[in-house]
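Any value given below was found using the heavy atoms of this structure, including those in side chains, with hydrogens, waters and symmetry copies removed. In this text the structure is predicted, and so the values were computed from the model without any measurement. Along the sequence shown, the residues carry numbers beginning at 1.
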Amino acid sequence: MKAICDGNDLAEAVGKAIKAVGTRTTNPVLENIKIDAAPGTLTLTATDNELTIETSIVADVSDEGSILVPGKLFGDFTRKLTGERIELDFASGKLSLRYGDSSSEFSCASVDDYPDLPSVTDAQSFGITRKNLKDLIAKVAFSVCQDDARPILKGVLLEIEESGVTAVALDGYRLAKCVKPISAPTALMQAVVPGRCMNEIMRMLDDSDDEIKVYIQRNWLKIDLGHTVLTSVLLSGDFVPYRNIIRTAFETVVTVPCEQFSDSLERAMLLSRDDKSNPVRFDITERMLRITSGSGMGNLDEKLPVITVGPDLVIAFNAKYFTELLRVCGTDSITVKFNSPADPCVVEPAGGQEEFLYLILPVRIG
């Protein structure tokens, strides 16, 4: 294999592919990045058997071929060569890089040992803008379960319908749901995508209105971003029937400004950091939300102006679950709906917009 490419292009491509390199794997070959040289193109591929990333760059290829380079080392090295034109030359199990008057050499593994990549050819699909897909993932993926006891909850449920896609994630203490418009779905379908894979997809997306295609085929989801293609395994099993969890009738409804609410909760968490449950107490009245928390480190007592419809209420929550949703909700005010100190609350954007919804379980207070 012989090729010449731009150092910036190579470093960017390696930086993308490295996200799928196996780090905790029993198969050492997955710690490598595969480089395929074809006329005019270098394609870099990495996989951990859950997420696969393929990305291509323009190159002057004089000798086609495929090699495996050590992923982390190659990634760290190419980041330092971004201003150079780089010549790649593979021979006798070694990859030589020549740049300016200098050169380096890397030992390579056998391409024959690399696993076959997933083939997503006969798939259903739908279109969605990059901006909407990025926002969809951001609003729910942080709520996936981190516990191996229920593997299906480590994923994000995607429900594809005629005009929109609904994403849902939950971990037993909270639930996040978001809906975005889509175009040209070829079928109504469902898929559960690992949360880690969803987060890597989100990091590859920008905030443009360019439409991309999402493909779903049995055990795989594929997203084509042009020069980069991401393929994720799908989780098997039945997702929680989440609609049965979300109540539709509430007694107390509070509208609260997001920025002030978030700042107050962040301060409360600072004073309760020695308690992992981050408990904060809400005393809700007609025009005021009183937030209190305390620990051996100190106490907090703050009052926020709110608009309340319904009876007064005293309830407590893990502050972390509110601060995390407030970072991604993207709205000036939220509406929080309650029934009793023992029932979960529902959080929605104020003003009737129904793009997202969060459900949070309370904690007991003495």
Under 3.5 Å, which donor-acceptor pairs do the side chains of residues 232-246 form with other protein atoms, sequence neighbours left out?
from: Y242; atom 1: OH; to: E159; atom 2: OE1; distance (Å): 2.7
from: R243; atom 1: NH1; to: E159; atom 2: OE2; distance (Å): 3.3
from: R243; atom 1: NH2; to: E159; atom 2: OE1; distance (Å): 3.0

Can you give the donor-acceptor pairs under 3.5 Å from side chains of residues 108-123 to other protein atoms, not counting sequence neighbours?
from: S110; atom 1: OG; to: D112; atom 2: N; distance (Å): 3.3
from: Y114; atom 1: OH; to: T47; atom 2: N; distance (Å): 3.3

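By the rule that hydrophobic residues join a cluster once side-chain heavy atoms approach within less than 4.5 Å of another member, V168 and L357 end up as members of one cluster. Under the 4.5 Å side-chain heavy-atom criterion for ILVMFWY residues, no single connected hydrophobic cluster contains both I137 and V229. Clustering ILVMFWY residues whenever any of their side-chain heavy atoms sit less than 4.5 angstrom apart, transitively, puts L300 in the very cluster that holds I284. Both V256 and F356 belong to a single network of hydrophobic side chains, linked directly or stepwise wherever heavy atoms of I, L, V, M, F, W or Y lie under 4.5 Å apart. Hydrophobic clustering (side-chain heavy atoms under 4.5 Å, transitive across Ile, Leu, Val, Met, Phe, Trp, Tyr) keeps I201 apart from I18.
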- Evaluation steps, salt bridge (Lys or Arg N to Asp or Glu O under 4.0 Å), between D147 and R150: CA-CA 7 Å; D147 188 351; R150 302 187 71 182; over 6 Å; no
- Determine, stepwise, if the pair Y321 / V347 fulfils side-chain contact (heavy atoms from CB on, under 4.5 Å). CA-CA 11 Å; Y321 296 151; V347 182; over 6 Å; no
- Report the C-alpha separation of V306 and R287 in whole Å, then their side-chain angles, then the decisive distance to 0.1 Å, and conclude whether the side-chain contact (heavy atoms from CB on, under 4.5 Å) test is met. CA-CA 5 Å; V306 297; R287 296 189 178 277; 5.8 Å; no
- Just do the side-chain hydrogen bond (donor to acceptor under 3.5 Å, both in side chains) check on T43 and S56 with the steps written out, would you? CA-CA 4 Å; T43 300; S56 300; 3.1 Å; yes
- I would like to know whether T335 and E348 meet side-chain hydrogen bond (donor to acceptor under 3.5 Å, both in side chains); could you show each step before the answer? CA-CA 5 Å; T335 298; E348 293 179 309; over 6 Å; no
- Item | Audit row: I216, S125, side-chain contact (heavy atoms from CB on, under 4.5 Å) steps and yes/no | CA-CA 6 Å; I216 297 175; S125 66; over 6 Å; no
- Going through the distances and angles, do K320 and M269 end up as a side-chain contact (heavy atoms from CB on, under 4.5 Å)? CA-CA 8 Å; K320 169 189 169 185; M269 289 177 63; 4.1 Å; yes
- Message: Walk me through whether D89 and R98 qualify under salt bridge (Lys or Arg N to Asp or Glu O under 4.0 Å).
- Response: CA-CA 8 Å; D89 189 351; R98 286 188 278 276; 3.1 Å; yes
- CA sep, side-chain torsions, deciding dist, call: E266, R327, salt bridge (Lys or Arg N to Asp or Glu O under 4.0 Å): CA-CA 11 Å; E266 293 282 0; R327 288 183 196 129; 3.1 Å; yes
- Can you list the steps and then say if K134 with D207 is a salt bridge (Lys or Arg N to Asp or Glu O under 4.0 Å)? CA-CA 7 Å; K134 181 179 180 179; D207 293 319; 3.5 Å; yes
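Rounding to the nearest 0.5 Å gives a distance of 10.5 Å between CD of E302 and OG1 of T292. For the atom pair CG (D343) and CD1 (I315), the distance works out to 7.5 Å, reported to the nearest 0.5 Å. Atoms CD and CG, on Q190 and L157 in that order, are 5.5 Å from each other to the nearest 0.5 Å. Rounding to the nearest 0.5 Å places OG of S143 at 6.5 Å from CG of D171.
For the pair L68 and I33, the minimum side-chain heavy-atom distance is 4.5 Å or more. When side chains are defined from C-beta on, K177 counts as touching V179, because their heavy atoms get closer than 4.5 Å. The shortest side-chain heavy-atom distance between V254 and I334 does not fall under the 4.5 Å cut-off. Inter-residue side-chain proximity for I86 and L88 is flagged as met; some heavy-atom pair is nearer than 4.5 Å. For the pair K154/Q146, no side-chain contact is recorded, criterion being any heavy-atom separation below 4.5 Å from C-beta on. Side-chain contact between F142 and R174: present, with at least one pair of heavy atoms (C-beta onward) separated by less than 4.5 Å. Using a 4.5 Å cut-off on side-chain heavy atoms (C-beta onward), M1 and L95 make contact. At a threshold of 4.5 Å between non-hydrogen side-chain atoms, the residues V21 and K72 do not count as touching.
A salt bridge links K139 with E355: the closest approach of a Lys/Arg side-chain nitrogen to an acidic carboxylate oxygen falls below 4.0 angstrom. Taking 4.0 Å as the cut-off between side-chain N and carboxylate O, D283 and R281 count as a salt-bridged pair.
In terms of the ring-ring contact (aromatic ring centres under 6.0 Å, His included) criterion, residue partners of F282 (sequence neighbours excluded) are, by chain and number, F261, F317, F322. Here F106 pairs with F74, F77 under the ring-ring contact (aromatic ring centres under 6.0 Å, His included) rule; sequence neighbours left out.
Proximity of a side-chain donor or acceptor of T55 to a complementary backbone N or O of L44 within less than 3.5 Å is not detected. Counting only distance, with no hydrogens or angles, the side chain of N339 and the backbone of A249 share a donor-acceptor pair below 3.5 Å. A donor-acceptor pair is defined here as one N or O able to donate and one able to accept, closer than 3.5 Å; no such pair exists between the side chain of D9 and the backbone of C5. Judged by distance alone, the side chain of D135 and the main-chain N or O of N132 form no donor-acceptor pair under 3.5 Å.
In terms of heavy atoms, P344 sits closest to L359 at CB-CD2, 3.7 Å. Summarising the geometry of P341 relative to P362, their closest heavy-atom pair is O-CG, 3.4 Å, with the distance given to 0.1 Å. Pairing each heavy atom of E161 with each of I182, the nearest pair is O-CD1, 3.4 Å. Scanning both residues, L158 and A167, for their nearest heavy atoms gives CD2-CB, 3.9 Å. In terms of heavy-atom proximity, V61 sits nearest to A37 at CG1-CB, 3.9 Å. Between L188 and E162, the shortest heavy-atom distance links the atoms CD2-N, 3.6 Å.
Crowding of F250 atom CZ: a count of heavy atoms from other residues, nucleotides or ligands under 6.0 Å exceeding 12. For CG of D301, the number of neighbouring non-hydrogen atoms (other residues, nucleotides, ligands) closer than 6.0 Å is greater than 12. Open room surrounds NZ on K19; 12 or fewer heavy atoms of other groups in view lie less than 6.0 Å from it. Surrounding NZ of K213 are more than 12 heavy atoms belonging to other residues, nucleotides or ligands, all under 6.0 Å away. Other residues, nucleotides and ligands place more than 12 heavy atoms under 6.0 Å from the NZ atom of K303.
Residue K131 forms a side chain to side chain contact (heavy atoms under 4.5 Å, CB included) with just one option from I128, L133, T129, and that option is T129.
The list of salt bridge (Lys or Arg N to Asp or Glu O under 4.0 Å) pairs with a residue in residues 29-45, not counting sequence neighbours, reads K34-D36. Listed by first and then second residue, the salt bridge (Lys or Arg N to Asp or Glu O under 4.0 Å) pairs that reach into residues 49-65 are E50-R196, sequence neighbours excluded.
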